[in-house]
Amino acid sequence: MKAAKWFQPRDVRLVEVEKPSPKPHEALIRVESVGICGSDIHYYLDGHIGSSRIKSPLILGHEFSGIVEEVGGEADRGLIGKRVAVEPSIPCFKCECCRRGDYNVCRNLFFPGGPPHDGVLCEFVAIHSQFCFPAPDAMSAAVAAMIEPLAVAVHTVELAQLQPGETAAVLGLGPIGLMTARVAKLSGAGTIYGADLFDYRLDAGLRYGVDTAFNAGREDTVAAIMDATGGRGVDVAFDTARSSATPAVACRVARPGGRCVLTGISGEEEDPFPVGVGRRKELKIQWCRRFKNNFPRAIELASSGQVDVASLVTHSFPLDQAREAFELVSTYSDGVLKASVDQ
Ligand SMILES: [Zn+2]
Ligand SMILES: [Zn+2]
């Protein structure tokens with residue numbers, strides 16, 4: 001089968017690899033749509049996210065949908081022929097974290113597209129059938145692939161434990177930030193402030209629940225949000241950027257006793273953090289690791305239209321142009337929000 005393989009920074013090529021066959025508990029999926037994620041961009045440009053480093057050529061990609069063609073002997077045969085959205089981090093079910101229910105931080109997680117495991121920018125993927133969620137009939141393949149990042153936004157917002165009317169800041173208005181703003185609004189958030197470096201993303205923010213948006217390149221985000229809140233700060237600050245600077249911004253714009261939910265991936269193993277600010281304000285800092293039991297709600301939010309997922313997918317490429325998709329997203333060109341690779 002064909003696959004788009006990463007060889008070195010900015011070098012992704014179409015190659016021929018062996019088609020997988022499903023193990024007893026797996027489904028074999030003919031891949032239809034793969035979303036390019038900000039985390040993929042770290043691997044595309046730098047070959048690593050912090051200490052997670054690509055050591056030999058790797059197929060990237062983890063946000064995907066497709067049609068189940070075949071299942072192993074222990075998997076549900078009812079999945080055959082169905083379009084599925086796939087929760088791509090497969091836990092071991094055995095470790096302490098899994099037994100506690102915190103399977104998203106499993107010590108032996110299998111995650112396609114994270115080294116050393118090949119990802120899903122290819123024609124067929126075999127993956128644990130329990131993590132294949134049938135998409136409603138009317139859901140397109142591109143929207144089904146977006147269920148994965150939407151599930152991240154759902155988990156991000158549930159970790160914030162928003163109370164009705166609470167104010168929020170969303171730092172970084174890529175797809176995760178936009179969907180976080182929208183889900184926060186649906187969860188009862190009051191005024192939401194947004195910040196990003198690109199005006200077209202600020203415009204998108206205003207369509208996805210952000211009430212007031214600041215350009216972080218032209219304005220001091222901390223001063224702008226503190227000013228807009230009369231010096232109080234926001235109840236919850238969400239970091240949804242691909243930046244080393246935004247965790248600190250989140251701490252500075254949160255009110256005393258407020259919360260920060262850190263979902264963005266800077267790509268570094270360590271980032272500067274204003275410990276004095278956090279201590280003086282007694283902030284609650286909550287990191288977010290992907291998702292945990294969030295796919296059913298994400299599917300419902302997308303299929304009911306409460307989150308307009310289709311409009312986020314601004315660009316589509318064939319598999320043999322996967323490199324162009326990575327380039328587009330990494331250079332923030334042509335008004336891109338989400339680029340997908342479709343087959
Ligand atoms: Zn992702
Ligand atoms: Zn585990």
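One-based numbering along the sequence shown. When a ligand or atom number is given, it counts from 1 through the structure's own listing order.
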* Structure fact -> When rounded to the nearest 0.5 Å, the distance separating OH of Tyr193 from OG1 of Thr191 is 5.0 Å
* Looking at the rings of Phe93 and His128, which for Trp means the six-membered one, are their centres under 6.0 Å apart? -> yes
* Asked: Between Ser129 and Asp76, does any side-chain donor sit less than 3.5 Å from a side-chain acceptor?
  -> no
* **Side chain to side chain, Cys37 and His62, heavy atoms closer than 4.5 Å** => yes
* Assess Arg10 against Tyr44: is NZ or CZ under 6.0 Å from the centre of the six-membered ring, and within 45 degrees of the ring's axis? => no
* **Cationic tip of Arg290 above Phe111 ring, under 6.0 Å, 45° of axis** => yes
* With the Zn ion (ligand 1) at the centre, find the angle made by SG from Cys37 and OE2 from Glu63, to 10°. => 80°
* Partner set under side-chain hydrogen bond (donor to acceptor under 3.5 Å, both in side chains) for Thr314, not counting sequence neighbours -> none
* Structure fact -> Among the N/O/S atoms of His62, the Zn ion (ligand 1) lies closest to NE2
* Structure fact -> Within a distance under 2.8 Å of the Zn ion (ligand 2), the protein atoms of type N, O or S are Cys92 SG, Cys95 SG, Cys98 SG, Cys106 SG
